[in-house]
Participant: 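Below is one structure. I have some questions about it.
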Amino acid sequence: MTLKIGVIGTGAIGREHIKRITNTLAGGKIVAVTDVNQDAAKTAVEQFGLDAVVHPDDKALVADHNVDAVLVTSWGPAHEQSVLAAIEAGKYVFCEKPLATTAEGCMRIVEAEIKQGKRLVQVGFMRRYDSGYVQLKQAIDSHYIGEPLMIRCAHRNPTVDQNYTTDMAITDTLIHEIDVLHWLINDDYKSVQVVFPKKTILASAHLQDPQIVMMETNSGIIIHVEVFVNCQYGYDIQCEVIGEEGIVHLPEVASIITRKEAKLGTNILMDWKQRFIDAYDKELQDFMDSIKQKGEPNGPTAWDGYIAAVTADACVKAQQTGEKEAVTLVEKPNFYRNEKAQIV
Ligand code: NAI
Ligand code: ISE
């Protein structure tokens, strides 16, 4: 059976996902697209030679009887409305991060999904599918390094555009660490704090860059994440987990090592699209396969989207106050308790 997919938002990652579903992955077909910029939607249809209807908006796309599952790859503020419409129609929905821009919005999605009585939503936290993070998780879960005590991470982008603001370092960028780290150590966050080191002259006037985010988990693990989005030299993701009996480090991206002109060198990627390319493939393949095999998606849940939003809100508050801010989650609904920590 082919899963017939409608895509809401044909920008950068929307087109990447259309391309992989059409050219690389098995079992899915893009049958409908929409974008507030209708020319962008039409261009995507032409660019990838799709046999797909261009709908005027998300509501029309969700209502299309030919669409089994919806891919939400529009701007963050538009996600909630499209995800709620898909749930209301009983359709599966894969939503790029953030699930919604507020914790309240994520909670509305959680409640709507619970009301439908089955899992319909998967959030695009693709790092859980990255083989490096999966290996870290296996090492932690098997107690290879004993109990984790501290984690040190870096999330570096070469540059960002003028529209990128100080809070986006949290809501757009750190949000990946917020998700993958609590999954990695199977623990929730208790408090967060943000400090601003000396600012790089290469960031726009309104952007505080770099930033250091400190997070403490319920069991007392202390996490430091450096977010540096104008680092110039590459797209660089680092993660080191320090345990009682050893340390595990995220592997570097495989690349040839050169010896030339008295230098030893290896390449660093510049583009996020390349860094997690396998993980994007795997998350969408898993979305399609698990719907076909179990009748529900397997990956990060709407509850994970809620945890990320609550933690991001606390971090944004901490940016403003300079203080340690509490992360306060409501009690996890039973609906989300049975899920297994998924490893692919
Ligand atoms: P983009 O700006 O390139 O594309 C967004 C598209 O959505 C635009 O074509 C825009 O016209 C359209 N759009 C906006 N509101 C809409 C609405 N109400 N209905 C239909 N279309 C609408 O942005 P990009 O980089 O593709 O990001 C899209 C989403 O994907 C964001 O939420 C972003 O955070 C997320 N993202 C996730 C990444 C990951 O690593 N998982 C990487 C990059 C983006
Ligand atoms: C972007 O939206 C992403 O999601 C990338 O994965 C992240 O590294 C980047 O900082 C964000 O702007």
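Atoms within a ligand are numbered from 1 in the order they appear, just like the ligands themselves. Computed over heavy atoms, backbone and side chain alike; hydrogens, waters and symmetry mates excluded. Index from 1, following the sequence.
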Participant: Atom 21 (N) of ligand 1: which of Val123, Asp172, Val36, Asp39 has the nearest heavy atom?
Facilitator: Val36
Participant: Output yes when Lys91 and Asp68 qualify as a salt bridge under the 4.0 Å nitrogen-oxygen rule, no when they do not.
Facilitator: no
Participant: Kindly confirm or rule out an N or O of Trp75 lying under 3.5 angstrom from an N or O of ligand 1.
Facilitator: yes
Participant: Near His79, which atoms of ligand 1 are under 4.0 Å from a heavy atom of that residue?
Facilitator: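 Answer, ordered by atom number: 32 (O).
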Participant: Same hydrophobic cluster for Val160 and Ile175, using side-chain heavy-atom links shorter than 4.5 Å among ILVMFWY?
Facilitator: no
Participant: Does Lys263 have more than 12 heavy atoms from other residues, nucleotides or ligands lying within 6.0 Å of its NZ?
Facilitator: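 No, because the 6.0 Å sphere around NZ of Lys263 holds 12 heavy atoms or fewer from other groups.
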Participant: Determine whether any heavy atom of Pro98 lies closer than 4.0 Å to an atom of ligand 1.
Facilitator: yes
Participant: Can you tell me which portion of Phe276 lies within the under-4.0 Å heavy-atom range of ligand 2? Options are side chain, backbone, both, or neither.
Facilitator: neither
Participant: Atom 32 (O) of ligand 1: which protein heavy atom is closest, and how many Å away?
Facilitator: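 Result: Lys97 O, 2.8 Å.
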Participant: Quick one: which of Asp35, Ile13, Thr34, Thr10 has a heavy atom closest to atom 10 (C) of ligand 1?
Facilitator: Asp35
Participant: Just need the protein heavy atom nearest to atom 6 (O) of ligand 2, so name the residue and atom and give the distance.
Facilitator: His176 NE2, 3.1 Å
Participant: Sequence neighbours excluded, which residues qualify as salt bridge (Lys or Arg N to Asp or Glu O under 4.0 Å) partners of Lys317?
Facilitator: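 Lys317 satisfies salt bridge (Lys or Arg N to Asp or Glu O under 4.0 Å) with Glu325 once adjacent residues are dropped.
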Participant: For the side-chain hydrogen bond (donor to acceptor under 3.5 Å, both in side chains) test, which of Asp172, Asp179, Thr171 pairs with Lys97?
Facilitator: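 The residue from Asp172, Asp179, Thr171 that satisfies side-chain hydrogen bond (donor to acceptor under 3.5 Å, both in side chains) with Lys97 turns out to be Asp172.
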Participant: Does His176 have a heavy atom less than 4.0 Å from any atom of ligand 1?
Facilitator: yes
Participant: So which heavy atom in the protein is nearest atom 7 (C) of ligand 2, and how far is it from that ligand atom?
Facilitator: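 Of every protein heavy atom, His155 NE2, 3.5 Å lies nearest to atom 7 (C) of ligand 2.
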Participant: Strictly under 4.0 Å, does any heavy atom of Arg15 approach an atom of ligand 1?
Facilitator: no
Participant: Is the backbone N or O of Asn230 less than 3.5 Å from a side-chain atom of Gln232, with the two atoms forming a donor-acceptor pair by type?
Facilitator: yes
Participant: To the nearest 0.1 Å, how far is atom 9 (C) of ligand 2 from its closest protein heavy atom, and which atom is that?
Facilitator: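 Here the closest protein heavy atom is Asn157 ND2, 3.4 Å.
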Participant: Hey, does Gly76 sit under 4.0 Å from ligand 1 if you only count heavy atoms?
Facilitator: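 Checking ligand 1 against Gly76, which is what was asked, there is a heavy-atom contact under 4.0 Å.
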Participant: I want to know if ligand 2 touches Thr173 in the polar sense, i.e. an N/O pair below 3.5 angstrom.
Facilitator: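 Yes.
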Participant: Could you check atom 2 (O) of ligand 2 against the protein and tell me its nearest heavy-atom contact, residue, atom and distance included?
Facilitator: Lys97 NZ, 2.9 Å
Participant: Heavy atom under 4.0 Å from ligand 1: found in Ala12's side chain, backbone, both, or neither?
Facilitator: both
Participant: Is it true that Met126 and Trp272 fall in one hydrophobic cluster, defined by side-chain heavy atoms closer than 4.5 Å?
Facilitator: yes
Participant: Below the 3.5 angstrom mark, is there an N/O of Tyr235, backbone or side chain, next to an N/O of ligand 2?
Facilitator: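 Looking only at distances, the answer is yes, because the N/O contact criterion of under 3.5 Å is met.
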Participant: Using a 4.0 Å cut-off to any heavy atom of Gly124, which atoms of ligand 1 qualify?
Facilitator: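 Heavy-atom distances to Gly124 below 4.0 Å select 41 (N).
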Participant: Does Glu16 CD have over 12 foreign heavy atoms under 6.0 Å away?
Facilitator: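 Check passes, neighbour count above 12.
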Participant: Below 4.0 angstrom from a heavy atom of Ile8, which ligand 1 atoms are there? Numbered from 1 as shown, please.
Facilitator: 19 (N), 20 (C)
Participant: Does atom OH of Tyr144 have more than 12 heavy-atom neighbours, drawn from other residues, nucleotides or ligands, at distances under 6.0 Å?
Facilitator: no
Participant: Do the rings of Tyr336 and Trp303 sit parallel, tilted or perpendicular, given the 30° and 60° boundaries?
Facilitator: parallel
Participant: Of all the non-hydrogen atoms in the protein, which one sits nearest to atom 29 (C) of ligand 1, and at what distance?
Facilitator: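 In this structure, atom 29 (C) of ligand 1 has Ser74 O, 3.3 Å as its nearest protein heavy atom.
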Participant: For atom 4 (O) of ligand 1, find the nearest protein heavy atom and state the residue, atom name and distance (0.1 Å precision).
Facilitator: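 Looking only at protein heavy atoms, the one closest to atom 4 (O) of ligand 1 is Gly11 CA, 3.2 Å.
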Participant: Go through ligand 1 atom by atom and flag the ones less than 4.0 Å from a non-hydrogen atom of Met126.
Facilitator: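 Heavy-atom distances to Met126 below 4.0 Å select 40 (O), 41 (N).
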Participant: Considering non-hydrogen atoms of the protein only, which is the closest contact for atom 18 (N) of ligand 1, and what is the distance?
Facilitator: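 Checked against all protein heavy atoms, atom 18 (N) of ligand 1 sits closest to Ala78 CB, 3.4 Å.
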Participant: Under 6.0 Å from the CD1 atom of Ile257, do we count more than 12 heavy atoms belonging to anything else shown?
Facilitator: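 No, the 6.0 Å shell around CD1 holds no more than 12 heavy atoms from other groups.
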Participant: Of all the non-hydrogen atoms in the protein, which one sits nearest to atom 37 (C) of ligand 1, and at what distance?
Facilitator: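 Looking only at protein heavy atoms, the one closest to atom 37 (C) of ligand 1 is Glu96 OE1, 3.2 Å.
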Participant: Can you tell me if NZ on Lys199 sees more than 12 non-hydrogen neighbours from other groups inside 6.0 Å?
Facilitator: yes
Participant: For atom 39 (C) of ligand 1, which candidate among Phe276, Tyr280, Trp272 provides the closest heavy atom?
Facilitator: Tyr280
Participant: More than 12 heavy atoms of other residues, nucleotides or ligands under 6.0 Å from CG of Asn23: yes or no?
Facilitator: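 Enclosed: over 12 neighbouring heavy atoms sit under 6.0 Å from CG of Asn23.
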Participant: If we set the cut-off at 4.0 Å for heavy atoms, which region of Asp172 has an atom near ligand 2: side chain, backbone, both, or neither?
Facilitator: both
Participant: Just to check, does Met168 reach to within less than 4.0 Å of ligand 2 when the distance is taken from its heavy atoms?
Facilitator: no
Participant: In chain order, what residues pass the salt bridge (Lys or Arg N to Asp or Glu O under 4.0 Å) check against Lys42, with sequence neighbours excluded?
Facilitator: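 None.
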Participant: State whether the side chain of Lys190 and the backbone N or O of Thr328 hold a donor-acceptor pair below 3.5 Å, judged by distance alone.
Facilitator: no
Participant: Would you call Asp236-Arg275 a salt bridge at under 4.0 Å N-O?
Facilitator: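 Between Arg275 and Asp236 there is no salt bridge, as every charged N stays at least 4.0 Å from the carboxylate O atoms.
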